[in-house]
Amino acid sequence: MRGSLLVIALVTAGVPNMLADDGMFPMSELPRVNLRERGIELTAEQLFNPSEISLVDGICRVNGCTGSFVSDSGLIITNHHCAFDAIQKASTSDRDLLTNGFIAGSRGEEIPAPDYQVRITENYRDISAEVLSVVQEGMSFLERTKAIEKRRKELEIEAERQHPGLRAEAAEMFAGRTYVLFLYTYLKDVRLVFAPPASVGNFGGEADNWEWPRHTGDFSFMRAYTAPDGSSATWSAQNIPYRPKRFLRVQSAGVDEGDAVFLLGYPGRTARHRTASFLQYESRVRLPLTVQLYQWQIRQMEEAGVGDRSVAIRHASRTKSLANVEKRSRGQLQGLQRAQIVEKRLQQESELQSCIEADEVLRPKYGSVLRDIAAVYAEMESAGPLEIHLQQLRQACRAAAFGFAVVDAVHERAKPDIERESPWMDRNYAQSVQELKVSLRDWHPPTDVEMLSGMLRRLSSIPGARQIPALIPLTESEQICEQAAKRLIEGTRLGDAGFIEQSLGQTVDQLRATKDPLLTLLLDLYSSYRQLRELDKTREGRLSRLYGSLLEVKGQFLRTGFIPDANGTLRFTSGRVRAYSPADAVVRTPISTLRGVIEKTTGQDPFITPEPVLRAYGARDFKGFLHPRLGQVPVAILYDTDTTGGNSGSPVLNSKGELVGVNFDRCFEATINDFAWNADYSRSIGVDIRYVLWITGRVYGATQLLDEMGVALAE
Ligand code: ASP
């Protein structure tokens, strides 16, 4: 089946082969990449081959992260922070797996992670022409977006019909120009196998997050299961471990400074092809607001958890992910300024504009593109505070998130399937409901009172919010905000799984008749949220058309190729283990070691090192895991590949395609990667395979996992 699908080229026609150092290359671009020059001994076909088994068969996506199969029995290695939600959901104050870690003594003891899914890329094909065929002259921007959305869904449904058992997802590669349909295997029974204590897996916490040097053992093991016949199935005691077509060989010798490495993974989002006006919107509105709102939410959750571990556990996963984005946003704000990215992009755009102006054929067609794009972002800039606060109202307050999902589902389910928002289409409905139910488990009403009252208070001072009728009576004064939040949260049943289940099966009128106070508020606010959604789609339609034109005209002037921005699809990136200089006269070497863990250990969170690690360190129990030159167990490595969020958990592979580490982060300066890659400061961070094996096998004695991976412990 795979061989029959087309291999496509995404580079704009007429543009020479690209060999930029940056780049998250889609599989279709691999034949153009000079792998030898990059120090890689494998061929493009050995990495990805549509008709045979290749390395990518050993790579999977684990929720929003990446993972790799490391045994023929579905064993997956990924990051501790990627398995964090599963570890948290399985933790209680009596059985605190976050603090103590977890080792499944047998397959039967592995813990189901009901909101996890594993995805494997099977194939892809270009569908640009089929998608764009529905765009007609004279369509409004909203109509354009909706027509494209609908066509993408139709193609997905059609492909799933042709390939039973596989899932199809259409991805936009270049806005308004190229679309690719990916076929995936989805595995729905995923279980936790091994997690080190958070004091290893999250050593250094937020203080060290996005920093180098790093001493975090950010890895965990999970396992994917299937039905006995090998088909994808949700959890059942009868399920058997998944048999991947290929699994990665673990190379316990690791890598050294200067060695070539490459990564395969599922990077989430980048914005390299966006204009300076977009970056201005980011730096003036979205990023600062994210920092502000997340800092406040993190504080609320942390305060709620003081003195009550069970509450702290419930908030752990959300706090961690907000803190991750909050610090990344600060890094991006700083990086945008320091690297003068906006100025540089403005300069490039002004050169492009002059070329367009000087050409009589191009001028009428492209003369206003940059200006028109800037007009969209200017509109977003002025509407940003209201829009972002409204979105946050139903994210910060978890019960509002649950309630909005119900209201949205009920409205959408009343439409024909193809017109529904994607999560509520028949093919996605069960999964969306499952995720909603799992998220209810962490609900903590007192925190929600603080979140809701805080959001109402913030909204009360935003022009525009006071024009939304449902908000007026709730935001009249600080005291009213507080009282309203208390009344709404204390009176709601939206934290109750039974109520949610029942509500999902009702009509809008029946939802109203429940008289649930928070549900009623969300019903009243629904038209505002719907307007926001339509507005987003209108902007998307405008931008997609304009960016399509921009790319077209850029392709004619720049002697360089384009690689599509990251969009959660499979990508290749390569580089070398390399030092960097974050500031004048400062050079940071690229391998950290266990000595650094000990030096950083203060005994205070987040720099506590567990007893078993200290004991093994004291006993110099390192045989087989020492770095030959450094004479220490290496902990983390630094390399200049091009990565972003979603590459978390990506295998770090040596020149032969063997696993030598697990990617988990970037240095602070590289948070700016999302907007622009740079050879001087773009560095990614992975946990060294020797630390993974030492912690798992030597320190915590899970030797069965080393056996399963075919790694022998030195005697
Ligand atoms: N630690 C990062 C994240 O989870 C990975 C990255 O963005 O490079 O977002």
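Atoms within each ligand, like the ligands themselves, are counted from 1 in listed order.
Exactly one of Y547, F675, F174 qualifies for a ring pair (Phe, Tyr, Trp, His ring centres under 6.0 Å) with H273. That residue is F174.
Between Y639 and F262, the ring center distance fails the sub-6.0 Å criterion.
Classification of D665 and R328 as a salt-bridged pair fails, no side-chain N sitting under 4.0 Å from a carboxylate O.
A side-chain N or O of Q392 and one of Q297 form a donor-acceptor pair less than 3.5 Å apart.
For the atom pair CG (L440) and CD (E435), the distance works out to 12.0 Å, reported to the nearest 0.5 Å.
Around ligand 1, the residues contributing at least one heavy atom under 4.0 Å from the ligand are H81, W210, N324, T644, G645, S648, F664, D665, R666.
Between P564 and F562, the closest side-chain pair of non-hydrogen atoms is not below 4.5 Å.
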